[in-house]
Novice: 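Sending over a structure as structure tokens; questions will come in a sec.
These values consider heavy atoms only, across backbone and side chains, with no hydrogens, waters or symmetry-generated copies. Keep in mind it's a predicted model, so treat the numbers as computed, not measured.
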Amino acid sequence: MATSSSSSVMSAILVPHNRWDSSSSRGRRSLVRVNIPVPAASVPLARFHPTAAAARWLGDLRDGNSIELAYHNRNNNSMRQMKLKKKKKSDAPKAWKWSTSVSHSQQLKKWIPCCSSLSRNCYGETTPFPLPKSAQPFFLHKSRFPLATHTFSTSGKRFCPPCATVGPDEPHAASTTCPDGLLENQDFDSLYPQLQTSELEEFLSTELPSNPKLHRGQLKNGLRYLILPNKVPPNRFEAHMEVHVGSIDEEDDEQGIAHMIEHVAFLGSKKREKLLGTGARSNAYTDFHHTVFHIHSPTCTKDADEDLLPLVLDALNEIAFHPKFLSSRVEKERRAILSELQMMNTIEYRVDCQLLQHLHSENKLSKRFPIGLEEQIKKWDADKIRKFHERWYFPANATLYIVGDIDNISKTINQIEAVFEQTGLENETASPPTSSAFGAMANFLVPKLSAGFAGSSSHERSSNSSDQSKILKKERLAVRPPIKHNWSLPGHNTNMKPPQIFQHELLQNFSINMFCKIPVSKVRTFRDLRNVLMKRIFLSALHFRINTRYKSSNPPFTSVELDHSDSGREGCTVTTLTITAEPKNWQNAIKVAVQEVRRLKEFGVTKGELTRYMDALLKDSEQLSAMIDNVSSVDNLDFIMESDALGHIVMDQRQGHESLMAVAGTVTLDEVNSIGAQVLEFISDFGKPTAPLPAAVVACVPKKVHIDGIGETEFKITASEIISSIESGLKEPIEAEPELEVPKELISPQQLQELRMQQKPSFIPLSPEINVTKLHDKETGITQCRLSNGIPVNYKISKNETRGGVMRLIVGGGRAAETSGSKGVVVVGVRTLSEGGRVGNFSREQVELFCVNHLINCSLESTEEFISMEFRFTLRDNGMHAAFQLLHMVLEHSVWLEDAFDRARQLYLSYYRSIPKSLERSTAHKLMLAMMDGDERFVEPTPKSLQNLTLKSVKDAVMNQFVADNMEVSIVGDFSQEEIESCILDYLGTVRASRDSEREPEFSPILFRTSPSDLQFQQVFLKDTDERACAYIAGPAPNRWGFTIDGKDLLESVADIPITDEAQLHSEEGNNDQKDLRRKLREHPLFFGITMGLLAEVINSRLFTTVRDSLGLTYDVSFELNLFDRLKLGWYVISVTSTPSKVYKSVDACKNVLRGLHSNKVAPRELERAKRTLLMRHEAEIKSNAYWLGLLAHLQASSVPRKDISCVKELTSLYEAASIEDIYLAYDHLKVDEDSLYSCIGIAGVNAGEGAMASLEEEESNEGFQGVIPVGRGLSTMTRPTT
């Protein structure tokens, strides 16, 4: 599916996740987030990315199917780790978003009671509390149900936090004032006149409730286990074995050995391999303080109905405690890790390492990166590795987590005991268990939980009994990670470290990080939770102020982010102020950021801000609570693991919401400002004797910068200049923040009535052939209708996400509508609209606060084929009406601003200039231009193209596509038919049917380069201090519906091919029914979409087993398809990372696998495995509203005529009907011959390109990239892949 970012480049190339601002850290947090101790539900919405505590157009600069490198961010829905995870992002500036909070993947984790987790910082991970991915990003909802135990009451009345009310003068504005005297008084008498301070203190000191469904226990060998029944996804479970050992436990000559053991133990397990045919998925990762092996499995086999949990536990037992350290496997994984080391060594990774080294300069965290040291990895033998394993890998040093569709807890415990009970007891004796099930770790890793490790909960079970005769000699370390910190506390450290400067030729922009490091505050009582809540409100206000106020002008910074988060992996809480800017503006950027921090610290949040953010947070909390049964097992499990590591109480979503409601009424304005000011003192009071010293100040800057009219010049900066810039921000005069009028609605009832009378909206027949106004399919629940203005609408009523909904507008055209004289006009136009953020008479600030109040998350972006807008909303408090109002206003009353256009153009210019500093993007771009014959619609707009654009040209290019019959709207959510059709008629039906002087978009032809060509093999050499290599191999494919670029309709020819006897041999029975099913597949419009997907799974599996596992030429290799819907073409891409010495062999091996399917026939088991993988993915995601949006897309699009309801209804049966013969029919239409295939190899290093014979005359134009030495005669611009 071609859903890339607005720069719409190469859809299937995998490049490391890299923000357009190369100097900023890769695993960056979601801007402002304090994590609150409550779990999250999960409904992935890939395009919704981390945002601030306030709604805003989020500058999401994504890079295509990217590979997430080391220190994987929990913000990205996975733990920080050294293993590579493929991530679908794109790397160019894309349309910003209106959004109210953290992305769903981050919210998921946001529920970990993390007393101060404002989104993970540059180096790391988040401790989020599990919010439902479906839940509205950012804040939580207000509850209506009473607390079971701790309830405040005053005169028998429940206290309710203040909500926005309608102001007296403006019917559309909500007053930001609070009831008199409610928030300004610091004591509690005004809130609770009959409540004594002692009673309040007693309540706040009360321990938070713990998840009643969580079962904990311990075997006699010391193994701890946790079991949580969870029904999402159904008939599946997660089993994670966490061994409490990581890189921090390595000696000086063992750096990287924990990661090596993870590889050898996991991939060397025969029992794990036996699970491959069951539909189970498995993986592993290593970080500072632990190694985790995890398996996601069905509860039973598909055919035999065999219980799979014992097999999964047996595999984990072998992996963790009984691995075979065969020399052959050690050598194989040594090669893979060395390749991994070079692959992940991007400039972003190096920046992360620099930040960690300076932040933790006093301890081993600065020297023990999990990937290890190359020279040591090359030397270890199997015996050395085995000894480390014997030292650390034993049951008492591990915890087993099982979360999933498990009904019988006793049976599960018996199965755990049967597999693990004897492990580790051989030849060992020692002491009875300590009072805490976590032994000496109780002080840090796991607190004394009332219903947990040390408590006497009815759910806790232990195999330790009085007659236990075995005593364990081994015991885990008392503190994880076992290191000491120099805290940023007043009087704790008097020697300030000077600012550190990391300067590198591959950095493009300026960034600076100011760190403050304090001990983790465990969230165990209502007071702890209350503190988290107040911090979150305070810091949300800061982020909104900076990123909203300055977006209305041309700010000196690219972004300012404040992160306050706990890290179990580092054993501390870190506050980070991160400022990124163009190098020429760095001093003003620091000054403005420091000035805003001072303003908030000195004057505090306003009454209106407190009311607004409190109300939004409680609304979001209520939404999450309602979705308690929609949280995925993996999200719950991640939350539990992180909570235990930090010592927080583990609550479920409902407990979390009730607890928030209980403490919300005790919060006062003075206290919010007091506790928030403490977080900011290391910046606002910088240089004062009483202020805490920053743990580190680190600037990451380029060596050279581009100056218009001059070119590349040296960039100079000193530590004293950095301090002077901070001090200048401290001296600037500041004023208190004014209150803002927040719109209650964007369209008043009177305006809506006028629109109805003018437009007379109604439903009309779907087509002349179908004389019905609504077509409802009972099996899928999908309803199709068409409005009188021509807009087609699809909707589905879904209970998957309680009182939540999503909506997507798709507009045909996208970048394909750009002409040779208007390159970049659509992508810059979409960004301009996003940057402006205004609609009608409402300012950007008002629109964003409107989104905050209604929990709306909105994104706007363009792809090669489409412009799209996506909304996530709650149905509470008229949230769906608000989302529809916003969509109506964007379509009818968008405001196009010159300064927004200037910012959008500058962002793309900056991104373009940053491309040559990325090896992956340089290589991918060169390949794309060669294959697509230099078509700039598939790459980033050049400076020359950007210069030719005007505000009028970009506005016309975008708005000309917003014509009623060129648009399609799809909505999925927990609404009634009456509710959704009312919104459709009122807000979509009243959109004008056409524009003035608009014409149908003209498409310039899209062509692959004529082959053969001397550009089919190219190379890119990049000067760098470290060696790395990558390669991309690509070629043409049909689109999803069987159309090719030369006008052929392959579906017609496939339907005429008879089903052979050979194909029948691979069916279950070879009977007529099976033959009919296969015939149906052949005739179905989705034939190529289905078979190409299965083919991709087969090729990916073969690439891994051959290129990675057998030949040891790479750590990561993948095959991706980009099949368009509207455009009559597609392509495939193989992405491979390697070392300079092996990359050429890797490319040859990939080509051999790609072309070898005829000589090495696809086996039935390969096809069955591919089917299971795709069907399992479909079954898991079918519970997601966002996934249903994708299924609904194009059902009524005239530009995608072959998609109909059968493409949704029959998806599962179509996959099941596919035969090996069908796979080969698809394969034969991938062009893999030498004349059609394009490849480009990229090599970075000190001596890269020396001796390469290449004429560079063609590369020395104004559009050329200095520092990149291309080989071949093609253009030297680069592309970024898209999803």
Side-chain angles (χ1 to χ4, degrees), residues 16 67 69-72 80-85 243 245-269 283-293 319 323-346 349-350 352-353 356-357 364-393 1024-1030 1107-1117 1136-1143 1145-1146 1244-1245:
I67 299 175
L69 302 183
Y71 297 100
H72 203 58
R80 183 175 48 161
Q81 59 196 57
M82 305 306 298
K83 305 287 294 176
L84 284 212
K85 301 270 188 190
V243 186
V245 58
S247 59
I248 203 69
D249 302 298
E250 298 164 347
E251 300 299 334
D252 289 343
D253 62 344
E254 296 174 329
Q255 295 184 52
I257 202 166
H259 179 225
M260 171 72 90
I261 288 177
E262 172 224 308
H263 271 247
V264 175
F266 180 77
L267 290 169
S269 170
N283 216 322
Y285 61 88
T286 302
D287 64 23
F288 284 126
H289 81 129
H290 69 191
T291 302
V292 177
F293 305 100
I319 293 169
K324 294 180 174 60
F325 293 104
L326 301 177
S327 297
S328 57
R329 174 55 65 180
V330 170
E331 291 308 315
K332 192 175 290 187
E333 296 313 312
R334 191 195 314 276
R335 291 194 301 267
I337 291 170
L338 291 173
S339 176
E340 177 185 3
L341 190 150
Q342 289 204 337
M343 177 194 68
M344 66 188 298
N345 193 32
T346 62
Y349 174 73
R350 285 177 248 178
D352 283 347
C353 290
L356 276 169
Q357 286 171 355
K364 285 175 69 175
L365 289 174
S366 63
K367 312 175 189 66
R368 288 293 186 273
F369 300 111
I371 191 65
L373 298 179
E374 181 177 2
E375 60 272 18
Q376 293 190 22
I377 295 169
K378 289 178 177 179
K379 294 189 298 186
W380 301 319
D381 57 17
D383 187 56
K384 177 80 170 178
I385 297 169
R386 186 181 295 107
K387 288 180 179 178
F388 186 87
H389 182 273
E390 291 171 353
R391 197 159 79 236
W392 293 105
Y393 291 73
D1024 190 4
T1025 52
D1026 297 351
E1027 285 191 349
R1028 299 177 60 241
C1030 69
V1107 184
R1108 196 270 194 201
D1109 212 33
S1110 298
L1111 299 177
L1113 295 172
T1114 180
Y1115 172 76
D1116 189 80
V1117 58
V1136 60
T1137 58
S1138 190
T1139 63
S1141 61
K1142 293 181 180 179
V1143 67
K1145 291 181 180 178
S1146 298

Novice: Give me the one residue out of L341, T346, N345 that meets side chain to side chain contact (heavy atoms under 4.5 Å, CB included) with D1026.
Specialist: N345
Novice: Please answer whether the main-chain N or O of E250 pairs with a side-chain N or O of K364 as donor and acceptor at a distance below 3.5 Å.
Specialist: yes
Novice: Would the distance check show the side chain of W392 and the main-chain N or O of G246 forming a donor-acceptor pair, the cut-off being under 3.5 Å?
Specialist: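 Side chain of W392 to backbone of G246: no pair is present.
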Novice: Restricting to non-hydrogen atoms, name the atom on H263 and the atom on Y1115 that form the minimum distance, rounded to 0.1 Å.
Specialist: CE1-CE1, 3.5 Å
Novice: Do R350 and D1024 make a side-chain contact, defined as non-hydrogen atoms from C-beta onward lying under 4.5 Å apart?
Specialist: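 Of all side-chain heavy-atom pairs linking D1024 with R350, at least one is under 4.5 Å.
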Novice: Got a second to check how far F325's CZ is from I261's CD1, nearest 0.5 Å?
Specialist: 5.0 Å
Novice: Please give me the minimum heavy-atom distance between A1244 and P1140, naming the atom from each residue.
Specialist: O-CG, 4.5 Å
Novice: Please check this pair: side chain of Q376 against backbone of G256, looking for a donor-acceptor N/O pair closer than 3.5 Å.
Specialist: no
Novice: Measuring from atom CG of L365 to atom CD1 of I248, what distance do you get when rounded to the nearest 0.5 angstrom?
Specialist: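 Rounded to the nearest 0.5 Å, the CG-CD1 separation comes to 4.0 Å.
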Novice: So, for V1143 and A1029, which heavy atoms are closest and what is the spacing to 0.1 Å?
Specialist: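 Answer, listing the atom of V1143 first, then A1029: CB-CB, 3.9 Å.
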Novice: Test side-chain contact (heavy atoms from CB on, under 4.5 Å) on L267 and K332 and set out the steps.
Specialist: CA-CA 10 Å; L267 290 169; K332 192 175 290 187; over 6 Å; no
Novice: Taking atom NZ of K1145 and atom CG of L1111, what is their separation to the nearest 0.5 Å?
Specialist: 10.0 Å
Novice: Between I337 and I377, what is the shortest heavy-atom contact and its length?
Specialist: CG2-CD1, 3.9 Å
Novice: Are K378 and E374 close enough, and set up right, to give a salt bridge (Lys or Arg N to Asp or Glu O under 4.0 Å), and what steps lead you there?
Specialist: CA-CA 6 Å; K378 289 178 177 179; E374 181 177 2; 3.3 Å; yes
Novice: Checking F266 now: which residues fulfil ring pair (Phe, Tyr, Trp, His ring centres under 6.0 Å) with it, not counting sequence neighbours?
Specialist: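 For F266, no residue satisfies ring pair (Phe, Tyr, Trp, His ring centres under 6.0 Å) once neighbours in sequence are set aside.
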Novice: By side chain to side chain donor-acceptor pair (under 3.5 Å), which residues pair with T1139, not counting sequence neighbours?
Specialist: S1141
Novice: Indicate yes or no for a side-chain donor-acceptor contact from E333 to the backbone of V330 under 3.5 Å, with no hydrogens or angles considered.
Specialist: no
Novice: Counting distance only, does the side-chain N/O of T291 pair as donor-acceptor with the main-chain N or O of V245 below 3.5 Å?
Specialist: yes
Novice: Strictly distance-based, threshold 3.5 Å: is any side-chain N or O of R1108 a donor or acceptor partner for the main-chain N or O of D1116?
Specialist: no
Novice: Distance from M344 atom CE to S339 atom OG, nearest 0.5 Å?
Specialist: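 So the CE of M344 and the OG of S339 are separated by 11.5 Å.
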Novice: Nearest 0.5 Å please: distance from the CZ atom of R368 over to the CD atom of Q255.
Specialist: 4.0 Å
Novice: Calculate, to the nearest 0.5 Å, the distance between atoms OH and CZ belonging to Y285 and F293 respectively.
Specialist: 11.0 Å
Novice: Return the minimal non-hydrogen interatomic distance between F288 and L356, and the atom names on each side.
Specialist: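 That would be CZ-CD1, 4.1 Å.
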Novice: Please answer whether the main-chain N or O of K324 pairs with a side-chain N or O of R329 as donor and acceptor at a distance below 3.5 Å.
Specialist: no
Novice: Given the rule in the salt bridge (Lys or Arg N to Asp or Glu O under 4.0 Å) test, do D249 and R391 qualify, once you have shown the distances and angles that lead to the verdict?
Specialist: CA-CA 10 Å; D249 302 298; R391 197 159 79 236; over 6 Å; no
Novice: Around atom CD of E1027, are there more than 12 heavy atoms from other residues, nucleotides or ligands closer than 6.0 Å?
Specialist: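 Result for CD/E1027: open.
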Novice: Evaluate E390 against K387 for salt bridge (Lys or Arg N to Asp or Glu O under 4.0 Å), listing each step before the verdict.
Specialist: CA-CA 5 Å; E390 291 171 353; K387 288 180 179 178; over 6 Å; no
Novice: Taking L1113's backbone N and O only, do any of them form a donor-acceptor pair with S1146's side chain (distance below 3.5 Å, no angle check)?
Specialist: yes
Novice: Check step by step if salt bridge (Lys or Arg N to Asp or Glu O under 4.0 Å) holds for K384 and D381.
Specialist: CA-CA 5 Å; K384 177 80 170 178; D381 57 17; over 6 Å; no
Novice: Please assess T1137 against Q342 for the test side-chain contact (heavy atoms from CB on, under 4.5 Å), listing each intermediate value before the final yes or no.
Specialist: CA-CA 8 Å; T1137 58; Q342 289 204 337; over 6 Å; no
